[in-house]
Colleague: 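Quick one: this structure, given as structure tokens, is what I'll be asking you about.
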There are 2 protein chains.
Amino acid sequence: MKEGPDISQIAALIGDPARANILTALMDGRALTASELAEEAGVGLSTASGHLSKLTDADLVSPRKSGRHKYFHLADAEVAGVLEALMGLAARRGATRVRTGPKDAQMQVARVCYNHLAGRMGVQMYRSLLGRDLLVEDNENVALTAAGRDFATGFGIDLAELEKGRTLLCRTCLDWSERRNHLAGSLGRAMLTRMEDLGWMHRDAGSRVICVTQKGKAAFEDMFGSA
Amino acid sequence: MKEGPDISQIAALIGDPARANILTALMDGRALTASELAEEAGVGLSTASGHLSKLTDADLVSPRKSGRHKYFHLADAEVAGVLEALMGLAARRGATRVRTGPKDAQMQVARVCYNHLAGRMGVQMYRSLLGRDLLVEDNENVALTAAGRDFATGFGIDLAELEKGRTLLCRTCLDWSERRNHLAGSLGRAMLTRMEDLGWMHRDAGSRVICVTQKGKAAFEDMFGSA
DNA sequence: TCAATACTTCGGTTACCGTCGAACTATGAA
DNA sequence: TTCATAGTTCGACGGTAACCGAAGTATTGA
């Protein structure tokens, strides 16, 4: 009767409010401990522990032990992608969070998606790279051109190092607020890290908001501005 | 505490097995009656009715009354996209359906995704169109080139008519089995319809499988073959 | 070795929600 | 008008799973 993989198990997993909170909290790409996630989800430690083992069993998150702490992070970028897609649906249905604070506006401008830059600035960067032929889209894959490799290296990114890793260098990720692609993959991650190192921006602790400094704003506009 | 739209409501909606079955059944793009969906989901009519009103409230499906029947279909292509994305996750986790019949293999070759061609052949067509510069990807958007418009017209598709509609002409959709893009949007739909009209293929009633005729296999390979 | 912290497991409670059948409404056919 | 079919609403039942606290395990630090 049924065709294709079974959606309901995974959807049900995401469907519990506490677990959804946990997953959302991990969307910033950081690894958090069980206690922190319990706090984030608003449940007791024992409850969170149970949720986390279910999420781990389903391969939505991965644990990493470090001393007496246990850190959890999203299993991979695909999981993050599905979560963003669900946010897209939820946002359009007007099921936005009750509390719409000042952070919501900032989230639209620049936020961290798993581990890369998302929001208006993320999309702007991506479009700029494409427009200047530093990046090309071939099918759903994106890749750096020769000029793009020079650019990245000049920006202070060690491509050879990145390419050693298992994760794809370039990947696209659909932005739930902008409804356009932005750059993911290990390069996306490295770009964000580099911009943080340069003092252009820094992550807001405890949220996914990225705060852009005055200096960063100018430098970013200078490098990726449409003008 | 929480950032972004609330995922859990929508995920919980998809997370119930009966509702997931309903949504999966609607992935072929057809509109089905409440009774048919009840049958498909394996629940009583009253139960299905309850589910359907919840899905309608959440704008995941849309009802259409016709006489004393009430037909339901997926609200839009974005919903279908999220469902496919979830299938992608589920497939990778090995949560494939218990029963793996002969249809599963056929589904990998050619199936209907909402209303367009998906599976190996869908991806092949998409890549072929891109490779011959009939289609270009610009950011996440895809568009027909001038040559592409000629091609589509020559293939018997009335582009002017399609562009009158509200739905985007070209759209990409991520294929859960191939993990590559294929063509969605109103053109994707029209292409499939046209190929059915030409007798190349036809939908298998009661599943998402697309059966390709001998003639169709040759003609498709002739037109979109990589050789 | 003892104490403290981080997490897991267990047991018991509670609440929600999916389920069905039966009664009700609406549309169409005879 | 009467009957039949399609769908909705309601009430009752039952099972699942989320939740907490307490006890148990593991790791670190003194």
Side-chain angles (χ1 to χ4, degrees), chain A residues 1-2 6-26 30-75 95, chain B residues 1-2 6-26 30-75 95:
Chain A
M1 195 101 349
K2 297 303 125 329
D6 183 19
I7 290 182
S8 71
Q9 293 168 19
I10 289 199
L13 230 42
I14 305 175
D16 175 74
R19 283 192 297 259
N21 286 340
I22 288 176
L23 292 170
T24 306
L26 292 175
R30 286 180 307 174
L32 299 177
T33 66
S35 314
E36 290 168 327
L37 289 170
E39 167 77 13
E40 199 71 37
V43 295
L45 176 58
S46 64
T47 306
S49 177
H51 285 314
L52 285 167
S53 72
K54 283 179 191 174
L55 291 174
T56 304
D57 286 346
D59 261 339
L60 292 181
V61 305
S62 307
R64 241 175 61 187
K65 290 201 69 166
S66 167
R68 58 183 155 182
H69 293 275
K70 198 164 173 186
Y71 288 94
F72 294 87
H73 57 96
L74 291 188
Chain B
M1 197 105 341
K2 298 301 123 332
D6 183 20
I7 291 182
S8 72
Q9 295 169 18
I10 289 198
L13 230 41
I14 306 175
D16 175 74
R19 283 192 296 258
N21 286 340
I22 288 176
L23 292 170
T24 306
L26 292 175
R30 285 180 308 173
L32 299 177
T33 67
S35 314
E36 288 168 327
L37 289 170
E39 167 76 14
E40 198 72 36
V43 295
L45 176 58
S46 64
T47 305
S49 176
H51 285 316
L52 286 167
S53 71
K54 284 179 190 174
L55 291 174
T56 303
D57 286 346
D59 261 338
L60 292 181
V61 306
S62 307
R64 240 173 62 186
K65 289 202 69 164
S66 167
R68 59 178 155 185
H69 291 277
K70 197 165 174 184
Y71 288 93
F72 293 88
H73 58 96
L74 291 187

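Chain identifiers are assigned alphabetically (A, B, ...) following the order of the sequence lines, protein sequences preceding nucleic acid strands; residue numbering begins at 1 within each chain.
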Colleague: Taking 5' to 3' order, which nucleotide of DNA chain D is first and which is last to have an atom within less than 4.0 Å of a heavy atom in chain B?
Modeller: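 Nucleotide range with atoms under 4.0 Å of chain B: D:dA4 to D:dT9.
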Colleague: In whole angstroms, how far is the P atom of C:dC17 from the CD atom of B:Gln9?
Modeller: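 One finds 11 Å between P of C:dC17 and CD of B:Gln9, rounded.
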Colleague: Give, for atom CG of A:Leu52 and atom CD1 of A:Ile22, the distance between the pair rounded to the nearest 0.5 Å.
Modeller: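 A:Leu52 atom CG to A:Ile22 atom CD1 measures 4.5 Å (nearest 0.5 Å).
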Colleague: Minimum heavy-atom separation for A:Ala75 and A:Ser62, please, with both atom names.
Modeller: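 The pair with the smallest heavy-atom distance is CA-OG, 3.5 Å.
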Colleague: Between B:Leu26 and B:Leu37, is a side chain to side chain contact (heavy atoms under 4.5 Å, CB included) present by the stated rule, with each step listed?
Modeller: CA-CA 9 Å; B:Leu26 292 175; B:Leu37 289 170; 4.0 Å; yes
Colleague: How far does CZ of A:Arg19 sit from CG of A:Leu13, to the nearest 0.5 angstrom?
Modeller: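 Answer for the CZ-CG pair, A:Arg19 versus A:Leu13, is 5.0 Å.
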Colleague: Which of residues 42-56 of chain A have a heavy atom under 4.0 Å from DNA chain C?
Modeller: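 Heavy-atom contacts with DNA chain C come from A:Leu45, A:Ser46, A:Ser49.
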Colleague: Atom CG of A:Leu23 and atom CG of A:Leu60: how far apart are they, to the nearest 0.5 Å?
Modeller: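 Answer rounded to 0.5 Å: 6.5 Å.
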Colleague: For A:Ala48 and A:Ala34, work out which heavy atoms get closest and say how close.
Modeller: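 Closest pair (atom of A:Ala48, atom of A:Ala34, distance): CB-O, 4.4 Å.
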Colleague: Apply side chain to side chain contact (heavy atoms under 4.5 Å, CB included) to B:Ser53 and list each qualifying residue two or more places apart in sequence or on a separate chain.
Modeller: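 Not a single residue meets the side chain to side chain contact (heavy atoms under 4.5 Å, CB included) criterion with B:Ser53.
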Colleague: Checking A:Ala20 now: which residues fulfil side chain to side chain contact (heavy atoms under 4.5 Å, CB included) with it, not counting sequence neighbours?
Modeller: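 Side chain to side chain contact (heavy atoms under 4.5 Å, CB included) check on A:Ala20 returns B:Ser8.
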Colleague: Drop me the distance from B:Asp16's CG to B:His51's NE2, to the nearest 0.5 angstrom.
Modeller: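 The distance works out to 4.5 Å.
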Colleague: What does nucleotides 25-30 of chain C look like as a protein-contact string, B for base, S for sugar-phosphate only, - for none, at under 4.0 angstrom between heavy atoms?
Modeller: --BS--
Colleague: Quantify the bending of the helix from C:dT1-D:dA30 to C:dA30-D:dT1 as the angle between its end axes, each fitted on five pairs, to 10°.
Modeller: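 The end-segment axes of the helix from C:dT1-D:dA30 to C:dA30-D:dT1 are tilted 20° relative to each other.
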Colleague: Among residues at least two apart in sequence or on other chains, which ones pass side chain to side chain contact (heavy atoms under 4.5 Å, CB included) with A:Ala12?
Modeller: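 Scan of A:Ala12 (side chain to side chain contact (heavy atoms under 4.5 Å, CB included), adjacent residues dropped) gives none.
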Colleague: Using 0.5 Å steps for rounding, measure from the CD1 atom of B:Ile10 to the CD1 atom of A:Ile14.
Modeller: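 The distance works out to 11.5 Å.
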Colleague: Could you state the CG-P distance from A:Leu37 to C:dA6, rounded to the nearest angstrom?
Modeller: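 Those two atoms, CG and P, are 14 Å apart.
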Colleague: According to side chain to side chain contact (heavy atoms under 4.5 Å, CB included), who are the partners of B:Thr33, at least two apart in sequence or on a separate chain?
Modeller: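 Expected list: B:Ser35, B:Glu36, B:His69, B:Tyr71.
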Colleague: What's the shortest heavy-atom distance between A:Lys65 and A:Lys70, and which atoms?
Modeller: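 Heavy atoms of A:Lys65 and A:Lys70 come nearest at CG-CG, 4.2 Å.
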